[in-house]
Amino acid sequence: MNTMGSQAQRYSLGAMALHWIIAVLIALNFIGAWVADDAPRAEKLQMMASHKAMGLLILALSLLRLVWRLVNRPPALLESLKTWEAALAKVTHWLFYFAMIAIPLAGWGLHSAAMGKA
Ligand code: HEM
Ligand code: HEM
């Protein structure tokens, strides 16, 4: 764990595990929704049920990850980065956190809007 003033050299095991578990689940859920779209209706309903369950799991894991990130300091960016590069990296990281939460929320909204139809 970090002591005051010093910063870890690399991401913790927990941060890396969450990063990759979530990345793989998002990729699978994306492909799943795509494949389901072309599947016959009965299969599509089943696949979309799994899609929604997995999407909610991704949402829960992403919220957990956001809390983790707010509590644990990540390693410092490389000192060789120019100011604008470091700023761009930070903005990109936060945009990813936003997307990881906004995308399943949007899916949930779509699901609720289509209740009884799909
Ligand atoms: C859905 C896919 C992905 C999402 C949502 C995602 C999200 C993120 C986020 C939010 C961070 C910042 C962590 C922090 O400092 O708080 C990060 C860092 C990082 N990600 Fe990903 N990521 C994804 C896929 C990938 C893939 C496919 C790769 C590699 C090919 C990758 C490589 C990295 C690396 C190397 C870092 C560390 C950056 C640094 O050292 O500053 N990520 N990712
Ligand atoms: C990270 C999480 C998620 C990803 C990456 C994702 C991805 C996608 C993609 C790519 C589609 C478009 C399929 C197509 O028409 O080709 C889609 C559709 C959809 N998703 Fe998600 N989704 C996620 C989470 C969720 C969640 C949490 C729910 C509901 C609780 C959900 C419900 C839906 C619904 C209802 C559709 C529309 C299916 C249709 O066209 O009839 N998604 N999703």
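All ligand and atom numbering here is 1-based and tracks the order in the structure. Being a predicted model, the structure only gives us computed values, none of them experimental. We number each residue from 1, following the sequence as shown.
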_Need the ligand 1 atom indices (1-based, order shown) with element for anything under 4.0 Å from a heavy-atom of Tyr97._
10 (C), 13 (C), 14 (C), 16 (O)

*Considering non-hydrogen atoms only, spot the tightest contact between Met100 and Ile26 and give its length.*
CG-CD1, 4.1 Å

*asked:* If the cut-off is 4.0 Å to any non-hydrogen atom of Trp34, which atoms of ligand 2 fall inside it?
replied: 16 (O)

*Report the member of Lys52, Met100, His51 with the shortest heavy-atom distance to atom 21 (Fe) of ligand 2.*
His51

*Examine distances only and state if a side-chain atom of His111 and a backbone atom of Lys52 form a donor-acceptor pair shorter than 3.5 Å.*
no

*Give the contacting part of Met48 toward ligand 2: side chain, backbone, both or neither, where contact means a heavy-atom distance below 4.0 Å.*
side chain

_Can you tell me if Leu59 contacts ligand 2 (heavy atom of the residue under 4.0 Å from the ligand)?_
no

*Examine the proximity of ligand 1 to Arg65 and report which part, side chain or backbone, both or neither, has a heavy atom under 4.0 Å away.*
side chain

_Least distance between heavy atoms, Ala36 atom then Met47 atom_ = CB-CB, 3.7 Å

*asked:* Could you work out, with salt bridge (Lys or Arg N to Asp or Glu O under 4.0 Å) as the rule, every residue matching Asp37, not counting sequence neighbours?
replied: Lys44

*Take Ser62 and Ile22 through the side chain to side chain contact (heavy atoms under 4.5 Å, CB included) test and state the conclusion after the steps.*
CA-CA 7 Å; Ser62 300; Ile22 291 171; 4.1 Å; yes

*Quick one: which ligand 2 atoms are inside 4.0 Å of a heavy atom on Asp37?*
14 (C), 15 (O), 16 (O)

*Would you kindly confirm whether Met16 and Leu78 end up in one hydrophobic cluster when ILVMFWY residues are joined by side chain heavy atoms under 4.5 Å apart?*
no

*In ligand 2, which numbered atoms sit nearer than 4.0 Å to a non-hydrogen atom of Asn29?*
2 (C), 3 (C), 23 (C), 24 (C)

*Donor-acceptor pair, Asn29 side chain versus Leu25 backbone, under 3.5 Å?*
no

*Protein heavy atom under 4.0 angstrom of atom 25 (C) of ligand 1, is there one?*
yes

*CG/Leu13: more than 12 non-hydrogen atoms of other groups inside 6.0 Å*: no

*Which pair of heavy atoms, one from Pro74 and one from Tyr11, lies closest together, and at what distance?*
CB-CE2, 3.8 Å

*Hey, can you tell me if Trp34 and Phe30 have their rings parallel, tilted or perpendicular (30° and 60° cut-offs)?*
perpendicular

_Glu43, CD: over 12 other non-hydrogen atoms inside 6.0 angstrom_ = yes

*Could you list which atoms of ligand 2 come closer than 4.0 Å to a heavy atom of Trp108?*
26 (C), 28 (C), 29 (C), 30 (C)

*Leu77 heavy atoms, cut-off 4.0 Å: which ligand 1 atoms fall inside?*
41 (O)

*Would you check the N or O atoms of Trp20, main chain and side chain alike, for any that come under 3.5 Å of an N or O of ligand 1?*
no

*Heavy-atom distance from atom 4 (C) of ligand 1 to the protein below 4.0 Å?*
no

*Taking the side chain as every heavy atom from C-beta outward, state whether Phe96 and His19 have any pair of such atoms under 4.5 Å apart.*
no

*Which atoms of ligand 2 are found less than 4.0 Å from any heavy atom of Ala33?*
8 (C), 9 (C), 11 (C), 13 (C), 17 (C), 43 (N)

*May I ask you to identify the nearest protein heavy atom to atom 41 (O) of ligand 1, giving residue, atom name and distance to one decimal place in Å?*
His93 CE1, 3.2 Å

*Under 2.8 Å from atom 21 (Fe) of ligand 1, protein N/O/S atom count?*
1

*Give the atoms of ligand 2, by number and element, whose distance to some non-hydrogen atom of Gly55 is under 4.0 Å.*
24 (C), 27 (C)

*Trp108, CH2 atom: more than 12 neighbouring heavy atoms under 6.0 Å*: no

_Can you name the atoms of ligand 2, numbered from 1 with element, that are less than 4.0 Å from a heavy atom of Ile58?_
1 (C), 2 (C)

*Close approach, Trp94 and ligand 1, non-hydrogen under 4.0 angstrom*: no

*How about Leu57 and Leu61: do any of their side-chain heavy atoms sit closer than 4.5 Å?*
yes

*What protein heavy atom sits nearest atom 37 (C) of ligand 1, and how far away is it?*
Tyr11 CE1, 3.6 Å

*Within 4.0 Å of atom 35 (C) of ligand 1 (strictly less), any protein heavy atom?*
no

*Check Pro104 against Ala99 and note the closest heavy-atom contact, atom names and distance.*
CD-O, 4.0 Å

*Which heavy atom in Ala15 sits nearest to a heavy atom in Trp68, and how many Å separate them?*
N-CZ2, 3.6 Å

*When you look for heavy atoms under 4.0 Å from ligand 1, do you find them on the side chain of Ile22, its backbone, both, or neither?*
neither

